[in-house]
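To start, the structure under review is shown below, and the notes come after it.
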Protein chains: 2
Amino acid sequence: MSDNLASKITDSELEVMKLLWCAKDALPVTEIREKLQGSKGWEPATIKTLVSRLVSKGVVRQEKRNVYYYSPVITEKEYSSWATKDLITRIYNGKASDLIASLVSSNGLTKDDIAELREMFKVEE
Amino acid sequence: MSDNLASKITDSELEVMKLLWCAKDALPVTEIREKLQGSKGWEPATIKTLVSRLVSKGVVRQEKRNVYYYSPVITEKEYSSWATKDLITRIYNGKASDLIASLVSSNGLTKDDIAELREMFKVEE
DNA sequence: TTGCTTAAGCTACAATTGTAAACTGCATTT
DNA sequence: AAATGCAGTTTACAATTGTAGCTTAAGCAA
């Protein structure tokens, strides 16, 4: 995923992406709207704008059936790992372990998190 | 640090913050400019705008001496841990360990990082 | 003191973002 | 066929951001 694609997903747009990522298949605007109108209180027009912008940005694909169906071009994993690396670059001088150290020292980790991490980084043998 | 303060530090502004965080004492614009003009290629006016915006946002304090001196109101640690939590909230559903798992699975960690993390999460005693 | 240099403040302006209305054309209903 | 409704497109508009010029005031040099 190139820098300027992901970097351009804005907060509002991200809500649309999340929905598309959850969906098994491509969705028509109707459905996107249905889901988001309630949760976000957005007008139909707003949602259409967001979807269109995501298409322009190349992170959502549209396929014409009866009506357009929309699906993500990038996966959620791709996006989140990109966003994470971006954070590390911008504010941790590129050092991933500094991010984690910051999480630890700012009590950003729950007991469960820590247990999982212990497991994750246990020295194998 | 309240949400709307930190959230408002933009990329360009962050460069100014980084400089102020490095400085032991408050700096006059002259010095901020000196440091950033070279590295960022910004015009003096641009730098003044950024500094002023940071002051409006309440994250930089100005004190009048001969000339205004600027210093950060929030620490780098406060900011980075805020930004990290924000990322976790926005894209990892609030689960910090998911962030770390994503780093692991996307090869975002160097050997050194991993060594440090093993150390960090080693079961003590 | 008189002008020059520069700090600080004010103004500018395009691009992006959040939010949405207006319009347009096709399909479905009556 | 005429009208209605909604998908898709275009336009809108304020706030924020990136980038910077213009103006004013004050200190320093001549």
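We name chains A, B, ... by the order of the sequence lines, and we start the count at 1 in each one.
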Find the distance [X]:[atom1] to [N]:[atom2] and express it as a whole number of Å.
X: B:Ile32; N: C:dA8; atom1: CD1; atom2: P; value: 10 Å
X: A:Gln37; N: D:dA7; atom1: CD; atom2: P; value: 11 Å
X: A:Glu31; N: D:dA7; atom1: CD; atom2: P; value: 12 Å
X: A:Arg65; N: D:dA7; atom1: CZ; atom2: C1'; value: 16 Å
X: B:Arg33; N: D:dG21; atom1: CZ; atom2: P; value: 13 Å
X: A:Asp11; N: C:dT17; atom1: CG; atom2: P; value: 10 Å
X: A:Glu15; N: C:dG18; atom1: CD; atom2: C1'; value: 13 Å
X: A:Tyr68; N: C:dC26; atom1: OH; atom2: P; value: 12 Å

**Report entry** Nucleotide-resolved protein contact map, nucleotides 23-30 of chain D, B/S/- at heavy-atom distance under 4.0 Å
**Finding:** --------
Report task. Spell out protein contact along nucleotides 19-24 of chain C as letters: B when the base is contacted, S when just the sugar-phosphate is, - when no protein heavy atom is under 4.0 Å; keep the 5' to 3' order. Result -> BBB---
Is there a side-chain contact between [X] and [Y], using heavy atoms and a 4.5 Å cut-off?
X: B:Ser12; Y: B:Trp42; result: yes
X: B:Ile9; Y: B:Ile74; result: yes
X: A:Tyr69; Y: A:Asp25; result: no
X: A:Ile88; Y: B:Leu103; result: yes

Excluding sequence neighbours, so at least two apart, what forms side chain to side chain contact (heavy atoms under 4.5 Å, CB included) with [X]?
X: B:Asp98; answer: B:Tyr92, B:Lys95
X: B:Arg53; answer: B:Glu13, B:Thr49
X: A:Lys48; answer: A:Val29, A:Arg33

Query - salt bridge (charged side-chain N to carboxylate O under 4.0 Å, His left out) partners for B:Lys85, two or more places apart - result: none
Query raised in the report: Under 4.0 Å: is that the gap between some side-chain N or O of B:Ser52 and OP1 or OP2 of C:dG9?
Result: no
Query - N/O (side chain, A:Thr10) to phosphate O (OP1/OP2, C:dT16) under 4.0 Å - result: no
Query raised in the report: Is it true that a side-chain atom of B:Lys57 and a backbone atom of B:Lys8 form a donor plus acceptor pair closer than 3.5 Å?
Result: yes
